[in-house]
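Notes for the one structure printed next.
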There are 2 protein chains.
Amino acid sequence: MLSDAAHCAATQAMPVASRQIFFDFVNRMVHKYLMAANIGRPLEFDPDLALDAAMHQFWSKGYESTSMQDLLATMNLSKSSLYQAFGGKQQLFRQCVARYADQFTQMLRDGLSGAPSGRKFIEGFLNSVLNDVSGQAQPRGCLVMNTASEFAQSDPEIAQDVAHSIERFRNVLRAAVERAQREGDIPPERDAQMLANFLVSSMSGLKTQAKAGADAATLQGIISMVLKALD
Amino acid sequence: MLSDAAHCAATQAMPVASRQIFFDFVNRMVHKYLMAANIGRPLEFDPDLALDAAMHQFWSKGYESTSMQDLLATMNLSKSSLYQAFGGKQQLFRQCVARYADQFTQMLRDGLSGAPSGRKFIEGFLNSVLNDVSGQAQPRGCLVMNTASEFAQSDPEIAQDVAHSIERFRNVLRAAVERAQREGDIPPERDAQMLANFLVSSMSGLKTQAKAGADAATLQGIISMVLKALD
DNA sequence: GGTTTATTGGACCGCATGTTCCATAACAGA
DNA sequence: TCTGTTATGGAACATGCGGTCCAATAAACC
């Protein structure tokens with residue numbers, strides 16, 4: 001998209017590691033501008049919808065077990081379009097994780113602001129894992145935690161994505177805890193940050209148990225233990 | 001190993017699905033007998049050591065991300081030997097998971113019987129996750145939970161292996177809880193089975209958090225919350 | 001020494017992988 | 001209508017995958 005000359009000139013003074021990121025960014029900006037100005041052939045698909053489909057695929061099967069063919073089928077676009085629009089499997093995956101984190105964080109925020117109390121929100125948050133085992137679809141866990149589990153720290157970029165996403169989740173949960181403390185449902189002397197970490201960890205454990213085949217009664221028992229720990 | 005004639009004759013009256021399992025069993029018995037009788041060329045490698053190496057490989061990288069080449073390299077044997085001795089990638093994997101569950105269950109049992117109290121054992125059990133983040137090696141989690149996360153319920157046989165392994169872990173933990181109850185460190189009216197489930201889930205969550213990059217202080221905070229829930 | 005049995009290394013197989021490339025199609029503006 | 005720009009479809013690519021096969025080899029018994 002950028003000319004080779006411009007590419008070469010601008011990269012002279014830049015550390016190698018930064019170049020790819022920088023030019024990805026510039027190209028995206030240029031692309032956005034060109035699309036807005038109706039220059040060139042328009043896309044035949046909705047990038048948001050396609051990204052959503054890819055996200056669900058990765059969510060269900062993980063990164064390695066999801067093939068390009070799987071992605072092309074669910075996203076309903078051609079190979080070149082995928083590479084053109086999303087850059088490849090790994091880049092697409094990272095965008096999916098980011099999208100998941102966005103949606104999940106927003107869902108948490110909405111849930112908290114609409115809940116009758118902070119405590120009730122936390123209860124609903126934990127109980128939501130029961131939905132995973134009630135339906136006929138097999139539990140998929142949380143895409144962010146699945147990613148943490150699959151990649152661990154082996155890929156630094158993905159590790160950073162994961163850490164950042166978890167931090168966003170925790171921030172909402174800490175807000176919920178603090179609200180519950182103001183409302184008198186959690187002792188005010190408890191460390192809100194620690195409780196939030198505990199809730200993240202507990203949710204992660206619950207989802208894994210659901211994946212491992214635990215039934216609703218078992219999960220409910222665990223949830224009651226988690227709630228008790230908040231008192 | 002068995003002649004084709006014997007194979008054909010015996011399978012005539014057998015449902016298709018049972019034949020493979022049956023002949024796997026017979027062949028294993030015959031093989032065991034022949035090895036014990038020193039018939040034929042002896043193995044040039046130690047199957048236990050090789051299995052251990054494979055286990056660590058799967059533990060570090062998961063099933064899909066571990067290639068046959070990875071396995072051959074760490075197990076230090078040739079492709080034909082691997083197929084001859086372990087049957088293929090998936091069969092090898094299941095043996096590794098079983099081995100892990102055996103070792104981990106035994107470790108738990110030994111830890112419990114050697115611990116000064118049930119409560120102290122549980123504390124040590126939870127605190128052991130801190131070792132995962134203290135060393136330079138990246139945390140690998142628990143092979144059984146990793147397997148649950150990677151395969152979910154997609155493979156029935158593996159799902160059963162996972163469920164069975166978790167049950168074994170839980171049995172030891174329930175014994176620990178019951179001992180702590182007898183020793184007065186956990187209220188006797190608490191449901192031991194439920195507490196054991198909670199401990200399994202909590203450990204799983206903790207290990208995932210470790211994989212996601214949580215530091216020792218964060219993990220320690222979560223552990224203190226888990227312990228508080230036992231009171 | 002001959003026979004029997006199993007292991008071993010390596011070549012080979014078919015297939016699926018993620019990726020690249022190019023000719024063509026579709027649109028906007030001159 | 002011509003030009004410039006991007007999107008699309010499909011062919012082609014190299015590579016690595018898990019798995020199979022076979023001749024050569026090694027041990028132990030008769």
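Chain letters run A, B, ... following the sequence lines, proteins first, then strands; residues in each count from 1. Bear in mind that the values here come from a model prediction, so they are computed numbers and not experimental data.
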Take atom [atom1] of [X] and atom [atom2] of [N], then tell me their distance rounded to the nearest Å.
X	N	atom1	atom2	result
B:L71	D:dC17	CG	P	10 Å
A:Q90	C:dG18	CD	P	12 Å
A:Q84	D:dG10	CD	P	17 Å
B:Q91	D:dG19	CD	P	9 Å
A:L72	C:dG18	CG	P	9 Å
A:L82	C:dC21	CG	C1'	16 Å
A:Y83	D:dA12	OH	C1'	14 Å
B:D46	C:dT7	CG	P	15 Å

Counting side-chain heavy atoms from C-beta on, which of [options] comes nearest to [X]?
X	options	answer
B:S80	D:dT8, C:dG18, D:dC21	D:dC21
A:K89	D:dG9, C:dG18, C:dT8	C:dG18
B:K79	D:dA7, C:dT20, C:dA11	C:dA11

> What class does the angle between the rings of A:F45 and A:F86 fall in, given that below 30° is parallel, 30 to 60° is tilted and above 60° is perpendicular?
Replying inline: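 Because their plane-to-plane angle lies in the 30° to 60° range, the rings of A:F45 and A:F86 count as tilted.
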>> Angle between ring planes, A:F104 versus A:F169, binned at 30° and 60°: parallel, tilted or perpendicular?
In response: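 A:F104 and A:F169: perpendicular rings.
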>> To the nearest 10°, give me the bend of the helix from C:dG1-D:dC30 to C:dA30-D:dT1, comparing the axes of its five terminal pairs at either end.
In response: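 Inter-axis angle at the termini of the helix from C:dG1-D:dC30 to C:dA30-D:dT1: 10°.
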>> Within residues 49-70 of chain A, which residues have any heavy atom lying less than 4.0 Å from an atom of DNA chain D?
In response: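 Under 4.0 Å from DNA chain D: no residue of residues 49-70 of chain A.
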>> Checking side chain to side chain contact (heavy atoms under 4.5 Å, CB included) between B:S201 and each of A:I222, A:I223, A:T208, A:V226, which is the one that passes?
In response: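 In the set A:I222, A:I223, A:T208, A:V226, the residue that makes a side chain to side chain contact (heavy atoms under 4.5 Å, CB included) with B:S201 is A:I222.
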> Given D:dG9, is OP1 or OP2 found less than 4.0 Å from the side-chain N or O atoms of A:S78?
Replying inline: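 True: A:S78 side-chain N/O within range (under 4.0 Å) of D:dG9 OP1/OP2.
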> Does NZ or CZ of B:K89 come closer than 6.0 Å to the centre of the six-membered ring of B:F58, within 45° of the ring's axis?
Replying inline: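 Judged by the rule (NZ or CZ under 6.0 Å from the ring centre, within 45° of its axis), B:K89 is not positioned above B:F58.
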> For B:S81, which contact category applies under a 4.0 Å heavy-atom criterion: base, sugar-phosphate, or nothing?
Replying inline: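 Answer is sugar-phosphate: B:S81 comes under 4.0 Å of backbone atoms only.
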> Could you walk me through whether B:Q106 and B:D102 pass the side chain to side chain donor-acceptor pair (under 3.5 Å) check?
Replying inline: CA-CA 6 Å; B:Q106 194 54 50; B:D102 286 346; over 6 Å; no
>> Is there a side chain to side chain donor-acceptor pair (under 3.5 Å) between A:S149 and A:N146? Walk through the geometry before answering.
In response: CA-CA 5 Å; A:S149 182; A:N146 294 352; over 6 Å; no
> Is there a side chain to side chain donor-acceptor pair (under 3.5 Å) between A:T218 and A:D215 once you walk through the steps?
Replying inline: CA-CA 5 Å; A:T218 302; A:D215 56 24; 2.6 Å; yes
> So, B:S128 versus B:N131: side-chain donor-acceptor pair below 3.5 Å or not?
Replying inline: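 No, no side-chain donor-acceptor pair sits under 3.5 Å.
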>> Enumerate the salt bridge (charged side-chain N to carboxylate O under 4.0 Å, His left out) contacts for residues 128-151 of chain A, please, sequence neighbours excluded, ordered by first and then second residue.
In response: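 Output for this query lists A:D132-A:K207.
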